*Asks:* 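One structure, pasted below without further comment.
Bear in mind that the values here come from a model prediction, so they are computed numbers and not experimental data.
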Amino acid sequence: MIVVMKPGVTKESRDQLIHWLKNLGLDIHISEGAYQTVLGLVGDTTKVDMDLVSSLEIVDSVKRVTEPFKCCNRKFHPEDTVVEIGDVKVGKGHFCMIAGPCSVESEEQIVAVAKAVKASGADMLRGGAFKPRTSPYDFDGLKATGLELLKIARAETGLPIVSEIMSTEALPLFEDVDVLQVGARNMQNFDLLRELGKTNKPILLKRGLANTLKELLMSAEYIMASGNERVILCERGIRTFDDYTRNTLDLAAVPMLHELTHLPVIVDPSHATGVNRLVPPMAMAAAACGADGLIIEVHNDPIHALCDGAQSLRPEQYEEVAEKVREIRRVIAK
C-alpha cells in the first residue's frame, strides 16, 4: 500500500501518521520527492482502513500495490534512485562506464587494463577474483589474491573496483571492495541476497539467464527488504533458442524496468553476446534505449585470456566504443 502525503505537510504530522501505522505492525519506507512525500507500507495491510487514512487532512491519496515487489517499486519511490560510489554516480541521468577483464590474472595484467580503460573514460574497474565456471576444470579465479590485485589497480588509478561475490562465507574478503556483483547464476541465491542486504555496499545485481523481470525485481527486493537500498540492476542477456550468440540481449528490459522500478539499470553487452565484434553495436544500442551505464569486458591480450577472451575488447577497441557511446548520449540528451 502507498500513502501519498499532501505538499507542505509538517514533519510532526507525518511522524504521527508513521507512528500509528507502525503500531499496526507495518514497516514504513519513506520516499521524499521534490514536492510530495510517499509512504510505502510493507506487511499485512489488511489491517489498514484505506477510507480512514484517505480522509486525513495530510493525506493526498492511498493506493494498493498489486505487484509483489514493494521496496524497488516505482510506485513506492517515484524519483529515480542515484547510487553513489565515491565520486561516481549511477542513475537519474548519471551514466556509468564499468570496464575491465573477466578475471584478474596478474598484477601486470590488471594494472595495465585499469590504466587503459581509465584513459578511455571508464568510471569503475571490473575484475573477477571468484569465477563461477560451467566446467570444474576451467580457471575459476585467483580468489583472495585476485581481490588484492584489484586493490593495487585501484591505488594506481583511483578507479572504484567491482567484483563478483559467490557466497556468504566470502563476505569478509570483500570488505574493501567498492561494489559487490551478484552474477546471473546467483541471482536467486536468497541467503546471499539477505546477507548483502545487511551491508551498506552497493550491489550490482545481474539478471539470471532464464529469469523474468519480475524475478529480477524480487531478488532486488530481498536485498532492499534487509535494509540495503543501494542496488543497481544489470541486463546481461537471457537464454533463448538462438545459437549464434552466447545469449540474447533483451534491450526491451531497460525501458520496461525503468517503468517498474526506481533503481538504476545498466547493460552488459559482453556476456550477452559472447562475441567481441558484437559488443560495440549492442553497447551503443543500450545507450540509445536509456540504460544508466555499461559494463564491458576489456583485456590487453584477449587471445591468451584465461576466461572469456572471445568476448573481450582490446583497450583500443574499448576506446572507440566509449567515444561512440558518448556521442549517442549527447544525441539523446538533446
*Asks:* Should Asp308 and Arg246 count as an ion pair when the cut-off is N to O under 4.0 Å?
*Replies:*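 Yes, this pair counts.
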
*Asks:* As a quick check of understanding, evaluate side-chain contact (heavy atoms from CB on, under 4.5 Å) for Arg194 and Asp191, giving each step before the final call.
*Replies:* CA-CA 5 Å; Arg194 283 193 182 97; Asp191 288 340; 3.8 Å; yes

*Asks:* What pairs of residues pass the salt bridge (Lys or Arg N to Asp or Glu O under 4.0 Å) test when at least one of them lies in residues 31-47, not counting sequence neighbours?
*Replies:*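 Qualifying pairs: Arg14-Glu32.
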
*Asks:* So, taking the atom named OG in Ser103 and the one named CD in Gln109, what distance separates them when rounded to the nearest 0.5 Å?
*Replies:*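 The distance works out to 6.5 Å.
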
*Asks:* Evaluate Leu209 against Ile238 for side-chain contact (heavy atoms from CB on, under 4.5 Å), listing each step before the verdict.
*Replies:* CA-CA 4 Å; Leu209 66 163; Ile238 52 175; 5.6 Å; no

*Asks:* Does Arg236 reach the side chain of Ile295, with side-chain heavy atoms less than 4.5 Å apart?
*Replies:*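 Contact flag for Arg236/Ile295 side chains = no.
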
*Asks:* Angle between ring planes, Phe76 versus His29, binned at 30° and 60°: parallel, tilted or perpendicular?
*Replies:*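 Ring orientation, 0 to 90° scale: tilted.
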
*Asks:* Find out whether Cys307 and Arg133 are in side-chain contact, i.e. whether some heavy atom of one side chain is under 4.5 Å from a heavy atom of the other.
*Replies:*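 Sidechains of Arg133 and Cys307: in contact.
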
*Asks:* Ignoring hydrogens and geometry, is there a side-chain-to-backbone donor-acceptor pair from Glu105 to Leu306 under 3.5 Å?
*Replies:*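 Such a contact is found between Glu105 side chain and Leu306 backbone.
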
*Asks:* Other residues, nucleotides and ligands only: do more than 12 of their heavy atoms fall within 6.0 Å of CG on Asp242?
*Replies:*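 Yes - once you tally the heavy atoms of other residues, nucleotides and ligands closer than 6.0 Å, there are more than 12.
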
*Asks:* In terms of hydrophobic clustering (I, L, V, M, F, W, Y; side-chain heavy atoms under 4.5 Å; direct or indirect links), are Ile2 and Leu263 co-clustered?
*Replies:*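 No, Ile2 and Leu263 fall in different hydrophobic clusters.
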
*Asks:* Counting only heavy atoms from other residues, nucleotides and ligands, does the tally under 6.0 Å from CD1 of Ile303 exceed 12?
*Replies:*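 Counting other residues, nucleotides and ligands, CD1 of Ile303 stays at 12 neighbours or fewer.
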
*Asks:* Report the C-alpha separation of Thr81 and Glu229 in whole Å, then their side-chain angles, then the decisive distance to 0.1 Å, and conclude whether the side-chain contact (heavy atoms from CB on, under 4.5 Å) test is met.
*Replies:* CA-CA 9 Å; Thr81 286; Glu229 299 184 351; over 6 Å; no

*Asks:* Please check this pair: side chain of Glu235 against backbone of Gly237, looking for a donor-acceptor N/O pair closer than 3.5 Å.
*Replies:*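 Looks like yes, one N/O pair under 3.5 Å.
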
*Asks:* Mind listing the closest non-hydrogen atom pair of Ala253 and Leu213 along with its distance?
*Replies:*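 Minimum heavy-atom separation between Ala253 and Leu213: CB-CD2, 3.7 Å.
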
*Asks:* Which residue in the set Arg74, Lys214, Lys75 passes salt bridge (Lys or Arg N to Asp or Glu O under 4.0 Å) when paired with Glu67?
*Replies:*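 One option only clears the test, and that one is Lys75.
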
*Asks:* Supply the atom-to-atom distance Asn276 CG to Ile296 CD1, rounded to the nearest 0.5 angstrom.
*Replies:*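 CD1 of Ile296 is found 12.0 Å from CG of Asn276.
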
*Asks:* Could you list the residues that satisfy side-chain hydrogen bond (donor to acceptor under 3.5 Å, both in side chains) with Glu327, not counting sequence neighbours?
*Replies:*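 Scan of Glu327 (side-chain hydrogen bond (donor to acceptor under 3.5 Å, both in side chains), adjacent residues dropped) gives none.
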
*Asks:* Could you please spell out the steps behind the salt bridge (charged side-chain N to carboxylate O under 4.0 Å, His left out) verdict for Glu164 and Arg126?
*Replies:* CA-CA 9 Å; Glu164 181 172 353; Arg126 63 145 292 147; over 6 Å; no

*Asks:* Do side-chain atoms of Ser219 reach the backbone of Glu215 as a donor and acceptor pair under 3.5 angstrom?
*Replies:*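 Checked: pair present.
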
*Asks:* Would the distance check show the side chain of Gln317 and the main-chain N or O of Arg314 forming a donor-acceptor pair, the cut-off being under 3.5 Å?
*Replies:*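 Present.
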
*Asks:* Is a side-chain N or O of Asn186 found less than 3.5 angstrom from the main chain of Asn189, in a donor-acceptor match?
*Replies:*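 Absent.
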
*Asks:* Please walk me through it: do Glu221 and Lys70 pass salt bridge (charged side-chain N to carboxylate O under 4.0 Å, His left out)?
*Replies:* CA-CA 7 Å; Glu221 195 77 7; Lys70 311 295 182 184; over 6 Å; no

*Asks:* Out of Ile98, Ile110, Val179, Val162, which one pairs with Leu125 under the side chain to side chain contact (heavy atoms under 4.5 Å, CB included) rule?
*Replies:*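 Option passing the side chain to side chain contact (heavy atoms under 4.5 Å, CB included) with Leu125: Ile110.
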
*Asks:* Does some side-chain heavy atom of His94 sit less than 4.5 Å from a side-chain heavy atom of Glu84?
*Replies:*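 Heavy-atom side-chain distance check fails, nothing below 4.5 Å.
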
*Asks:* Val267 versus Leu251: any side-chain heavy-atom pair under 4.5 Å?
*Replies:*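 Side chain of Val267 against side chain of Leu251, heavy atoms only: contact under 4.5 Å found.
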
*Asks:* How long is the straight-line distance from OG of Ser31 back to CG of Asn73, given to the nearest 0.5 Å?
*Replies:*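 One gets 11.5 Å once the value is rounded to the nearest 0.5 Å.
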
*Asks:* Whether the side chain of Ser13 engages the backbone of Val9 through a donor-acceptor N/O pair (distance < 3.5 Å, no angle test) should be reported.
*Replies:*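 No.
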
*Asks:* Check Lys151 with Glu107, please: is the shortest side-chain N to carboxylate O separation under 4.0 Å?
*Replies:*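 Answer for the salt bridge query: no.
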
*Asks:* Okay, side chain of Thr261, backbone of Leu257: is any donor-acceptor separation there less than 3.5 Å?
*Replies:*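 Answer holds: no.
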
*Asks:* Take atom NZ in Lys324; do more than 12 heavy atoms of anything else shown fall under 6.0 Å from it?
*Replies:*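 Counting other residues, nucleotides and ligands, NZ of Lys324 stays at 12 neighbours or fewer.
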
*Asks:* Where do Ala99 and Ala122 come nearest, in terms of heavy atoms and distance?
*Replies:*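 The answer is CB-CB, 4.3 Å.
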
*Asks:* Which value, rounded to the nearest 0.5 Å, describes the distance between Asn23 atom CG and Ile18 atom CD1?
*Replies:*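 With rounding to 0.5 Å, CG (Asn23) is 12.0 Å from CD1 (Ile18).
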
*Asks:* How about Val65 and Met1: do any of their side-chain heavy atoms sit closer than 4.5 Å?
*Replies:*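 The answer is no; the side chains never approach within 4.5 Å.
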
*Asks:* Roughly how far apart are Leu233 CG and Leu204 CG, rounded to 0.5 Å?
*Replies:*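 Rounded to the nearest 0.5 Å, the CG-CG separation comes to 9.0 Å.
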
*Asks:* So Phe130 and Leu147, do their side chains get closer than 4.5 Å, heavy atoms only?
*Replies:*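 In contact.
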
*Asks:* Are there more than 12 heavy atoms of other residues, nucleotides or ligands under 6.0 Å from atom CZ of Arg277?
*Replies:*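 No.
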
*Asks:* Indicate the atoms forming the closest heavy-atom contact of Lys131 with Cys102, along with that distance.
*Replies:*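 Residues Lys131 and Cys102, closest heavy atoms: NZ-SG, 3.2 Å.
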
*Asks:* Quick check: does any side chain N or O of Ser312 sit under 3.5 Å from a backbone N or O of His299, one acting as donor and the other as acceptor?
*Replies:*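 Pair absent, no side-chain N/O of Ser312 close to backbone of His299.
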
*Asks:* Going by salt bridge (Lys or Arg N to Asp or Glu O under 4.0 Å), name the pairs with one or both residues in residues 173-182, residues two or more places apart or in two chains.
*Replies:*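 As it turns out, the salt bridge (Lys or Arg N to Asp or Glu O under 4.0 Å) pairs with a partner in residues 173-182, which skip direct neighbours, are Arg154-Asp176, Arg154-Asp178.
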
*Asks:* Can you find a heavy atom in the side chain of Gln181 that is under 4.5 Å from one in the side chain of Ile165?
*Replies:*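 They are not in contact (no side-chain heavy atoms under 4.5 Å apart), so the answer is no.
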
*Asks:* Tell me the closest heavy-atom pair linking Val113 and Gly100, and the distance in Å.
*Replies:*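 Scanning both residues, the minimum pair turns out to be CG1-CA, 4.0 Å.
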
*Asks:* Would you indicate whether the side-chain heavy atoms of Arg230 and Ile203 approach each other to under 4.5 Å?
*Replies:*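 No, every pair of side-chain atoms sits at 4.5 Å or beyond.
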
*Asks:* Examine distances only and state if a side-chain atom of Thr45 and a backbone atom of Val48 form a donor-acceptor pair shorter than 3.5 Å.
*Replies:*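 No, because the side chain of Thr45 does not come within donor-acceptor range (under 3.5 Å) of the backbone of Val48.
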
*Asks:* Out of curiosity, His271 NE2 to Lys206 NZ, how far, rounded to the nearest 0.5 Å?
*Replies:*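 Nearest 0.5 Å value for the NE2-NZ distance: 5.0 Å.
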
*Asks:* Keeping the roles fixed (side chain from Thr199, backbone from Leu196), state whether a donor-acceptor pair exists under 3.5 Å.
*Replies:*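 It does hold such a pair.
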
*Asks:* Consider only side-chain heavy atoms of I, L, V, M, F, W and Y, link residues closer than 4.5 Å, and tell whether Ile58 and Leu52 are in one cluster.
*Replies:*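 Yes; Leu52 is reachable from Ile58 via cluster members.
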
*Asks:* Mind listing the closest non-hydrogen atom pair of Val90 and Cys96 along with its distance?
*Replies:*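 Closest approach of Val90 to Cys96, heavy atoms only: CG2-CB, 3.8 Å.
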
*Asks:* Can Arg207 and Asp250 be counted as an ion pair, charged N to O under 4.0 angstrom?
*Replies:*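 Salt bridge present between Arg207 and Asp250.
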
